[in-house]
Student: 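Quick one: the structure is below, and I'll ask about it shortly.
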Number of protein chains: 2
Amino acid sequence: MRYETDDILRETFASDLRYLMVVSYIVLSNNQISNRFFEKTYRMPVHAWSALYAVVRFPGLLAKDIQLLFPRPQNSVSRAVSLLRERGWITVETSDEDTRAKQLFPTEQGRRVLEEIEGRVLKRQEEIFGALTHQERDLFLQLCRKLILGGGLADSAALSADGVQ
Amino acid sequence: MRYETDDILRETFASDLRYLMVVSYIVLSNNQISNRFFEKTYRMPVHAWSALYAVVRFPGLLAKDIQLLFPRPQNSVSRAVSLLRERGWITVETSDEDTRAKQLFPTEQGRRVLEEIEGRVLKRQEEIFGALTHQERDLFLQLCRKLILGGGLADSAALSADGVQ
DNA sequence: GCGAAATACATCCATTTGGATGTAACGATC
DNA sequence: GATCGTTACATCCAAATGGATGTATTTCGC
């Protein structure tokens, strides 16, 4: 073997792009697990569970609110909502303040399904973050919040089409 | 408006699943940006750039090594390698130790393209992590490394098909 | 209060995705 | 050294994806 696994990872996580690389690694690793789990066990994409989570947690919210919490293409959210409705996990009600908007509410069945999934995801969170002490977890959370509040996430001058062709 | 944007985010990032939720938010936000950038500017998926990065950084590595660094389905890596070869950015050479394996080497053009992209991604990293002090960044890095070394990422008892329905 | 721009969501369709399978080579066991 | 399991990679194909567009409604400017 030309390269040792550990060398590849160690060197990459020490490179100039180390901050992005560690995050990438964590997320890709976890995605492999969670995508397969949701597809196999519930026959739905991960983003359907995200949407259900949002609806149960914020009953009456709109599809665009889901998109805010889970930044994904608009049609992806729209499809997830359709799937949840077809499964009977949410109900859809035209808002009386704005007839374009559709308020989303969980059904009893939807709440039960979410509770079951959420329990597992909570355990999954524990599997991952069990590597940190509680103090470290809180620190991690604070740093992530700071990244989010920093405002550099949503737009980018560096990754704009200008200047490259 | 029934829910305020800030309320939705604040409450979610204070919920039981806050650790996963902040990471999810960061990654989904960034994906929107970077997916579009690579698709529009280079007509290739993000994972093709990942693969090129790996080949330039570790010349002679195998497709399975790319998969180790960027955990993705095997056929996805295979396709990314094909694309890079078609573009003339890498060359493929059958390993003499194992004729199944194919060693990947960057071409000069491949190195140039990577350099250009890497510069932009480095700026992107700065946009995101500029919200943190250098000390905080290092702290963040240490915590992420700990999550990776913790070993909870690659496998999951919580998200296994057993024990549902 | 009228027209133009913006917003909320659905749908279309070309492209991408990834699980499953195929092919060839390697390695271990007896 | 034949057999069986494993590994490295490619390919198939049904399903998911997301940019673009459509439709209806609201909001803004004047």
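Letters A, B, ... are given to chains in the order of the sequence lines, protein chains preceding strands, and every chain is numbered from 1.
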Student: If the condition is side chain to side chain donor-acceptor pair (under 3.5 Å), which residues does B:R100 pass it with, not counting sequence neighbours?
Tutor: B:D98
Student: Can any side-chain N or O of B:E118 pair as donor or acceptor with the backbone N or O of A:L17 at less than 3.5 Å?
Tutor: no
Student: Quick one: do B:I90 and B:T107 satisfy side chain to side chain contact (heavy atoms under 4.5 Å, CB included)? Show the steps, please.
Tutor: CA-CA 5 Å; B:I90 66 170; B:T107 62; 5.5 Å; no
Student: Under a 3.5 Å threshold, yes or no: a donor from one side chain and an acceptor from the other, between A:E116 and A:Y42?
Tutor: yes
Student: Can a donor-acceptor pair be found, under 3.5 Å and without considering hydrogens, that links the side chain of B:Q67 to the backbone of B:V77?
Tutor: no
Student: Need two values: the first and the last nucleotide of DNA chain D, 5' to 3', having an atom under 4.0 Å from any heavy-atom of chain B.
Tutor: D:dT7 to D:dG19
Student: Looking at A:D155, I'd like to know if its CG atom is crowded, meaning that more than 12 non-hydrogen atoms belonging to other residues, nucleotides or ligands lie closer than 6.0 Å.
Tutor: no
Student: For B:Y19, enumerate each residue passing the ring-ring contact (aromatic ring centres under 6.0 Å, His included) test, keeping only those at least two apart in sequence or located in another chain.
Tutor: A:F129
Student: Quick one: list whatever passes side chain to side chain donor-acceptor pair (under 3.5 Å) with B:S78, sequence neighbours left out.
Tutor: none
Student: Should the pair A:F38 and A:W49 be assigned to parallel (<30°), tilted (30 to 60°) or perpendicular (>60°) ring geometry?
Tutor: parallel
Student: 5'-most contact on DNA chain C: B:H47 or A:Q103, nearest heavy atom basis?
Tutor: A:Q103
Student: Could you identify which residues of residues 69-86 of chain A place a heavy atom less than 4.0 Å from some atom of DNA chain C, listed by residue number, or say none?
Tutor: A:Q74, A:N75, A:S78
Student: Could you go through A:L62 and A:D65, starting from their C-alpha distance and side-chain angles, then the distance that decides it, and tell me whether this counts as side chain to side chain contact (heavy atoms under 4.5 Å, CB included)?
Tutor: CA-CA 5 Å; A:L62 312 181; A:D65 298 325; 3.7 Å; yes
Student: How sharply is the helix from C:dG1-D:dC30 to C:dC30-D:dG1 bent, taking the axes over five pairs at either end and rounding to 10 degrees?
Tutor: 40°
